[in-house]
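Worksheet for the structure shown next.
Note that the structure is predicted; figures quoted are calculated from it, not measured.
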Amino acid sequence: MMFYVALYIIVVGFVAIPQKRIAAKVSNISVVSFSPILISMICICMYYGFRNQIGIDDAMYLEVFNQTAEYGTPWRNIEKSYVWVCRFVQYIHGNIQLVFLLYAVVSCLLLYYIIHQLIKETNRTVFIGMFMSFLFLTSMVLMRQFASTCFFVVGYIQLKKGNKTRSIIFLIISVLVHSSSLVGIAVLLLLPLIKRINAKKKSIILVILFFYQYIPVAELVNKAISSTSLDNIYYISYYLGSKTGYRTFSNTLGIVSTLYLIVYLFMLTHKKSEVERNNCSFKSENELIEDLEAFTFIYFAFSMFFAQFGYVTRIAYFFSFFAIAFLSGFERHIAANSKKLFAVVCCGAFFILYLYSVGSFSTENNSIIPYLYNFTLFSS
């Protein structure tokens, strides 16, 4: 467990350092300039990249990798992009460990960019603390979806900055990495309509969905589909019918997510304008907040509506980064002289939640304690 304690302290600690550029000079020549956040991203990248099959889906990734090597085409239905990555790695005589590392490097580089573009400097410590307690382990398990989400968020950022061509490219890559990104794109197109829903209506919808979770809808849908020919359609049976996995019909929003929902409802009904940043990459800081708030609404709505539906619940993950980006802005409601204390208290609370998630997270075969690593990237 000490490994995970040290990991949290290092990752959150470096983000807490004032984000002034650090230049290393040799003979008055600037050699390297980077943000302390880069150290945090490297630590997260190494954890993801060198894990020794401790994620729930890692056995499936290995199976597809081996089938691609032996037969050229895997039996499992999976995005072609993952098969292409496997073929490239096999061509240079790499192994599954190199696949993990490639996905980790790409995802963490994009996350580094997202933090600098999307999150105010004063909110970054809270953002990364929330990420560690809420999404850190989930992002390891959902390796392809983590990468796809990062491409999706960068595509959104490019769109808001007016770079439509770049935005389209990143969104296309997002779909190629994980096809469920199409849902994210659909929500992005509908975002202007979602933003028109007022705070009162959004609050009522979320409260209704909160209680809806306790109705055994998924069990009824599962039985209805499994008894018809619809169960023969792969995506329907996989997400709603007999082949749905990781489902218990009693699934509801967890305690941590419920706490975040309460915070969101407070922020939704007590809106405060944001002071514009001099270096803001967007046309309007408050327009960005409105977008993040709308995405957060979709995150909670999807999380509760699909809470009992196994795999399909993962769709909500695409909006989780927007959710913690919006929630990390809670400091707008804190007095100026208490903001630093607020950040310290938050990181302490996130640390407890992080340790709880580490202790309770496990694969089918073993827990993630101790952390199992593998530095062998190429076949002998």
Report task. I would like to know whether Asn95 and Val89 meet side-chain contact (heavy atoms from CB on, under 4.5 Å); could you show each step before the answer? Result -> CA-CA 7 Å; Asn95 56 31; Val89 168; 5.9 Å; no
Query - Full working for side-chain contact (heavy atoms from CB on, under 4.5 Å) between Phe300 and Phe210 - result: CA-CA 9 Å; Phe300 283 115; Phe210 182 81; over 6 Å; no
Report task. Evaluate side-chain contact (heavy atoms from CB on, under 4.5 Å) for Met143 paired with Phe100, printing each intermediate quantity in order. Result -> CA-CA 8 Å; Met143 178 181 75; Phe100 291 161; 3.6 Å; yes
Query raised in the report: Under the side-chain contact (heavy atoms from CB on, under 4.5 Å) criterion, do Phe151 and His178 qualify, and how do the steps go?
Result: CA-CA 10 Å; Phe151 278 111; His178 203 282; over 6 Å; no
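Not less than 6.0 angstrom separates the ring centroid of Tyr354 from the ring centroid of Phe350. Here Phe302 and Phe318 keep their ring centres 6.0 angstrom or further from each other.
In this structure, CG in Leu292 is found 10.5 Å from CD in Glu287, a value given to the nearest 0.5 Å. Between the CD1 atom of Ile92 and the OG atom of Ser379 there is a distance of 10.0 Å, given to the nearest 0.5 Å. For the atom pair Leu182 CG and Ser180 OG, the distance stands at 8.0 Å (nearest 0.5 Å). The CE atom of Met140 lies 6.0 Å from the CZ atom of Arg51; values are rounded to the nearest 0.5 Å. Considering CD1 of Ile324 and CG of Leu135, their distance stands at 5.0 Å, rounded to 0.5 Å. Atom OG1 of residue Thr125 and atom NZ of residue Lys340 lie 11.0 Å apart, to the nearest 0.5 angstrom.
In terms of heavy-atom proximity, Phe319 sits nearest to Val187 at CZ-CG2, 3.6 Å. Scanning all heavy atoms of the two residues, the minimum distance from Ala325 to Leu118 falls at CB-CD2, 4.4 Å. When all heavy atoms of Ser357 and Leu137 are compared, the pair lying nearest together is O-CD1, 3.7 Å. Residues Pro192 and Leu188 share a closest heavy-atom pair of CD-O, 4.1 Å. In plain terms, the two heavy atoms of Leu268 and Ala199 that are nearest each other are O-CB, 3.5 Å. The two residues Gln97 and Thr376 make their nearest non-hydrogen contact at CB-O, 3.2 Å.
By the 4.5 Å heavy-atom criterion applied to side chains, Arg144 and Ile78 are counted as neighbours. Using a 4.5 Å cut-off on side-chain heavy atoms (C-beta onward), Tyr112 and Ile37 make contact. Between Asn66 and Leu62, the closest side-chain pair of non-hydrogen atoms falls below 4.5 Å. Contact check for Met41 versus Ile128: side-chain heavy atoms found under the 4.5 Å cut-off. For the pair Val126/Phe330, no side-chain contact is recorded, criterion being any heavy-atom separation below 4.5 Å from C-beta on. Looking at Phe127 and Lys120, their side chains never come closer than 4.5 Å, going by heavy atoms from C-beta outward. Phe326 is not listed as a side-chain neighbour of Phe297, based on a closest heavy-atom distance of 4.5 Å or more. With a 4.5 Å cut-off on side-chain heavy atoms, Phe50 and Asn374 do not count as touching.
Placement of Met130 and Ile352 in two distinct hydrophobic clusters is found when ILVMFWY residues are connected by side-chain heavy-atom separations under 4.5 Å, directly or transitively. With hydrophobic clusters built from ILVMFWY side chains whose heavy atoms lie under 4.5 angstrom apart, Tyr8 does not share a cluster with Tyr356. Put simply, Tyr214 and Ile208 are part of two different groups of oily side chains (I, L, V, M, F, W, Y) that touch within less than 4.5 Å, one to the next. There is a path of hydrophobic side-chain contacts, each under 4.5 Å, that joins Leu261 to Ile215. Linking Ile, Leu, Val, Met, Phe, Trp and Tyr residues whenever their side-chain heavy atoms come within less than 4.5 Å leaves Val263 and Val345 in two separate clusters.
Within the structure, every pair that satisfies the side chain to side chain donor-acceptor pair (under 3.5 Å) test and touches residues 288-302, not counting sequence neighbours, is listed here: Tyr156-Asp291, Lys160-Asp291, Lys195-Asp291, Lys202-Glu293, Tyr264-Glu293.
Clustering of Ile, Leu, Val, Met, Phe, Trp and Tyr side chains at separations under 4.5 Å places Leu176 together with Ile168, Ile172.
Side-chain N or O atoms of Asn198 include one that pairs as donor or acceptor with a backbone N or O of Lys201 at under 3.5 Å. No donor-acceptor pair closer than 3.5 Å links the side chain of Glu63 to the backbone N or O of Pro74. With Arg124 contributing its side chain and Ile119 its backbone, the two residues share a donor-acceptor pair below 3.5 Å. No donor-acceptor distance shorter than 3.5 angstrom exists from the side chain of Ser167 to the backbone of Asn163, with no hydrogens or angles considered. Using modelled atom types, no side-chain atom of Gln67 and backbone atom of Gly72 make a donor-acceptor pair closer than 3.5 Å.
Partner Ser148 forms a side-chain hydrogen bond (donor to acceptor under 3.5 Å, both in side chains) with one of Ser81, Ser179, Ser174 and no other, that one being Ser174. When each of Tyr373, Tyr371, Tyr4 is checked for a side-chain hydrogen bond (donor to acceptor under 3.5 Å, both in side chains) with Tyr47, only Tyr4 meets the rule.
Counting non-hydrogen atoms of other residues, nucleotides and ligands closer than 6.0 Å to CZ of Phe3 gives a total above 12. More than 12 heavy atoms of other residues, nucleotides or ligands sit less than 6.0 Å from atom CZ of Phe375. Heavy-atom contacts from other residues, nucleotides or ligands closer than 6.0 Å to CZ of Phe305 number 12 or fewer.
Between Phe146 and Tyr48, the ring planes are perpendicular. Angles over 60° get that label, and only those under 30° would be called parallel.
One side chain, Tyr317 or Ser139, offers a donor N or O that lies under 3.5 Å from an acceptor on the other.
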